[in-house]
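Have a look at the structure below, then the notes.
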Amino acid sequence: MRIVFIGPPGAGKGTQAQRLKDYLEIPHLSTGDVLREACQADTPVGRQAAGYLQSGKLVPDDLVLEIVGQRLEEADCTAGCLFDGFPRTLAQAKALDRLLAERQTPLDLVLELAVDPQELFTRLAERGRDDDAEDTVRQRLAYYYQQTVPVLEYYEKCGLLKRVDGLGTPAEVFSRVVAAVNQQSDGTGRRETRCDN
Ligand code: AP5
Ligand code: MG
């Protein structure tokens with residue numbers, strides 16, 4: 001299966017994707033993790049991305065698409081993939097459609113993890129990643145509303161979007177994620193999908 005996790009910063013995309021990766025035995029591709037690793041290793045990609053990550057701005061689409069395109073070439077992705085934090089602009093969503101159409105492996109499901117802003121700020125203040133300072137979280141959230149909410153609307157029109165309540169313990173949220181995935185894979189939750197909007 002090919003599944004996209006979308007949600008605001010701190011919604012639990014990484015937490016849930018890690019669990020689902022073990023459950024479905026398919027790779028987890030977090031563009032944020034790849035970019036942070038590139039920054040730490042001081043690669044050319046990392047040097048280009050570092051300033052964006054630190055300030056909570058979106059990294060340019062072409063850089064992110066290069067990372068995803070390369071990862072999809074790897075053999076383990078033929079079995080499926082969990083996309084976490086990607087796509088987060090309409091241009092990225094349309095490029096992903098093209099990448100997957102070339103491989104005749106379209107998306108099966110888009111899961112929106114819904115969490116209110118107050119809870120997001122609490123979770124990220126407790127975590128304390130480099131980009132978790134309150135002002136940076138505010139910036140990340142602003143990008144989410146401006147650039148990524150239209151992606152949700154895009155997938156809603158495609159009939160691929162399912163909204164999952166992201167509040168509760170990670171285990172409680174995971175049981176909702178699994179229910180949505182199983183509904184999609186056994187056909188009971190399937191709607192007509194048309195991604196040409
Ligand atoms: P990215 O790494 O994708 O960060 P994000 O979207 O801001 O989200 P987070 O990773 O902070 O949160 P999450 O939803 O994964 O939640 P998590 O499971 O960690 O992106 C970072 C940056 O990279 C961007 O700002 C941008 O610069 C760049 N970037 C990445 N992708 C890009 C793209 N496609 N295009 C352009 N730029 C891109 O959980 C958060 C915390 O909450 C953890 O401490 C966790 O333990 C806790 N938690 C999780 N679930 C629960 C729960 N149910 N209850 C209580 N606590 C919980
Ligand atoms: Mg994450």
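One-based numbering, in listed order, for ligands and for the atoms of each.
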N or O contact, [X] vs ligand 1, cut-off under 3.5 Å:
X	result
Gln92	yes
Pro9	no
Gly85	yes
Gly14	yes
Asp131	no
Thr15	yes
Gly12	yes

Apply side chain to side chain donor-acceptor pair (under 3.5 Å) to Glu74 and list each qualifying residue two or more places apart in sequence or on a separate chain.
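Arg71.
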
Residues two or more places apart in sequence or in another chain: which of them pass side chain to side chain donor-acceptor pair (under 3.5 Å) with Gln54?
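With neighbours one apart ignored, the set is empty.
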
Under 4.0 Å from ligand 1, counting heavy atoms only, is it the side chain of [X], its backbone, both or neither?
X	value
Leu35	side chain
Val64	side chain
Lys13	both
Arg36	side chain
Glu126	neither

Within one Ile-Leu-Val-Met-Phe-Trp-Tyr cluster: Leu99 and Val59, side-chain cutoff 4.5 Å
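Yes; Val59 is reachable from Leu99 via cluster members.
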
Assigning hydrophobic clusters by single linkage (Ile, Leu, Val, Met, Phe, Trp, Tyr; side-chain heavy-atom cutoff under 4.5 Å), is Leu29 placed with Leu58?
no

Residue pair Glu73 / Arg103, side-chain heavy-atom distance below 4.5 Å:
yes

Less than 3.5 Å apart, any donor N or O on the side chain of [X] or [Y] sitting next to an acceptor on the other?
X	Y	value
Gln92	Asp61	yes
Gln139	Lys57	no
Asp131	Tyr52	no

Candidate with minimal heavy-atom separation from atom 52 (C) of ligand 1, of Arg123, Arg129, Arg140
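When every heavy atom of Arg123, Arg129, Arg140 is considered, Arg123 comes closest to atom 52 (C) of ligand 1.
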
Test your reading of the model: is there a side-chain donor-acceptor pair from Gln147 to the backbone of Arg88, 3.5 Å cut-off?
no

What protein heavy atom sits nearest [atom], and how far off is it?
atom	result
atom 12 (O) of ligand 1	Gly10 N, 2.9 Å
atom 3 (O) of ligand 1	Arg88 NH1, 2.9 Å
atom 27 (O) of ligand 1	Lys57 O, 2.6 Å
atom 19 (O) of ligand 1	Arg127 NH1, 3.0 Å
atom 37 (N) of ligand 1	Val59 N, 3.0 Å
atom 31 (N) of ligand 1	Thr31 OG1, 2.8 Å

Arg163 CZ to Leu152 CG distance, which is reported to the nearest 0.5 Å
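One gets 8.5 Å once the value is rounded to the nearest 0.5 Å.
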
Can you confirm whether more than 12 heavy atoms, excluding those of Glu25, are under 6.0 Å from its CD atom?
no

Counting only heavy atoms not in Asp42, do more than 12 fall under 6.0 Å of its CG?
yes

Using heavy atoms and a 4.0 Å limit, tell me yes or no: is Gly168 in contact with ligand 1?
yes

Proximal ligand 1 atoms for Ala11, defined as those under 4.0 Å from one of its heavy atoms:
14 (O), 16 (O)

Please give me the minimum heavy-atom distance between Lys21 and Ile26, naming the atom from each residue.
CG-O, 3.2 Å

